[in-house]
Amino acid sequence: MTHKSRISVVCIDCQTDDLSEATAFWSAMLGKEGQIDERGKYTQFDGHKGHPKVLLQAVDHEPRVHLDIETNNCRAEVARLE
């Protein structure tokens, strides 16, 4: 089987203990309702179709954006990227 990979998530790190303000901002910007998870660690946005998805993540370091890559074969993907 051929391995597959794709960018699955654009993750926006937010240096905060409370994602409410960031969720309100990004919900308005994306035009999609954001739902904070029960632990208060992530926000997902309703109505998303396809990839990549946008996700907010509460962190304790400086804000940044990173990409999450999804693959069905980690070893093959590492070898391909090396």
Side-chain angles (χ1 to χ4, degrees):
M1 169 169 50
T2 303
H3 93 276
K4 299 176 185 177
S5 64
R6 66 179 171 194
I7 296 172
S8 63
V9 178
V10 175
C11 188
I12 302 168
D13 292 346
C14 303
Q15 188 178 21
T16 186
D17 291 328
D18 181 358
L19 281 172
S20 298
E21 189 175 322
T23 297
F25 172 83
W26 286 101
S27 290
M29 199 283 288
L30 295 170
K32 301 193 180 300
E33 174 109 18
Q35 295 292 323
I36 301 171
D37 74 345
E38 62 279 351
R39 296 181 309 147
K41 181 80 175 160
Y42 299 99
T43 296
Q44 294 185 355
F45 296 92
D46 292 341
H48 181 84
K49 294 181 178 143
H51 289 276
K53 295 179 180 178
V54 176
L55 180 75
L56 303 183
Q57 178 177 344
V59 296
D60 59 2
H61 56 72
E62 291 295 313
R64 57 183 170 223
V65 174
H66 66 268
L67 306 175
D68 289 354
I69 298 172
E70 178 180 284
T71 183
N72 64 348
N73 186 327
C74 288
R75 288 184 182 166
E77 184 63 7
V78 168
R80 183 183 78 83
L81 293 173
E82 287 178 337

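Expressed to the nearest 0.5 Å, how far NZ of Lys41 lies from CG of Asp17 amounts to 10.0 Å. In this structure, Met29 CE and Ile12 CD1 are separated by 6.5 Å, a value rounded to the nearest 0.5 Å. With rounding to the nearest 0.5 angstrom, the CD atom of Gln57 is 10.5 Å from the OG1 atom of Thr43.
Scanning both residues, Gly40 and Leu19, for their nearest heavy atoms gives O-CD1, 3.7 Å. Pairing each heavy atom of His3 with each of Thr71, the nearest pair is CD2-OG1, 3.6 Å. Scanning both residues, Ile69 and Ser5, for their nearest heavy atoms gives CG2-CB, 4.3 Å. Pairing each heavy atom of Glu33 with each of Ser27, the nearest pair is C-OG, 3.9 Å.
Val59 and Leu67 end up in different hydrophobic clusters when Ile, Leu, Val, Met, Phe, Trp and Tyr side chains are linked at under 4.5 Å. Leu30 and Val65 end up in the same hydrophobic cluster when Ile, Leu, Val, Met, Phe, Trp and Tyr side chains are linked at under 4.5 Å.
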List the steps and the verdict of side chain to side chain contact (heavy atoms under 4.5 Å, CB included) for His66 and Asp68. CA-CA 7 Å; His66 66 268; Asp68 289 354; 3.2 Å; yes

Derivation of the side chain to side chain contact (heavy atoms under 4.5 Å, CB included) call for Gln44 and Gln35: CA-CA 5 Å; Gln44 294 185 355; Gln35 295 292 323; 5.5 Å; no

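The local environment of NZ in Lys32 is crowded, with over 12 non-hydrogen atoms from other residues, nucleotides or ligands closer than 6.0 Å.
When hydrophobic residues (I, L, V, M, F, W, Y) are linked wherever their side-chain heavy atoms come within less than 4.5 Å, the members clustered with Val9 are Tyr42, Leu55.
Using a 4.5 Å heavy-atom threshold, the side chains of Leu56 and Trp26 count as touching. Looking only at side-chain heavy atoms (C-beta outward), Gln15 and His61 stay at 4.5 Å or farther from each other.
Residues that satisfy the side-chain hydrogen bond (donor to acceptor under 3.5 Å, both in side chains) test with Arg75, not counting sequence neighbours, are absent from this structure.
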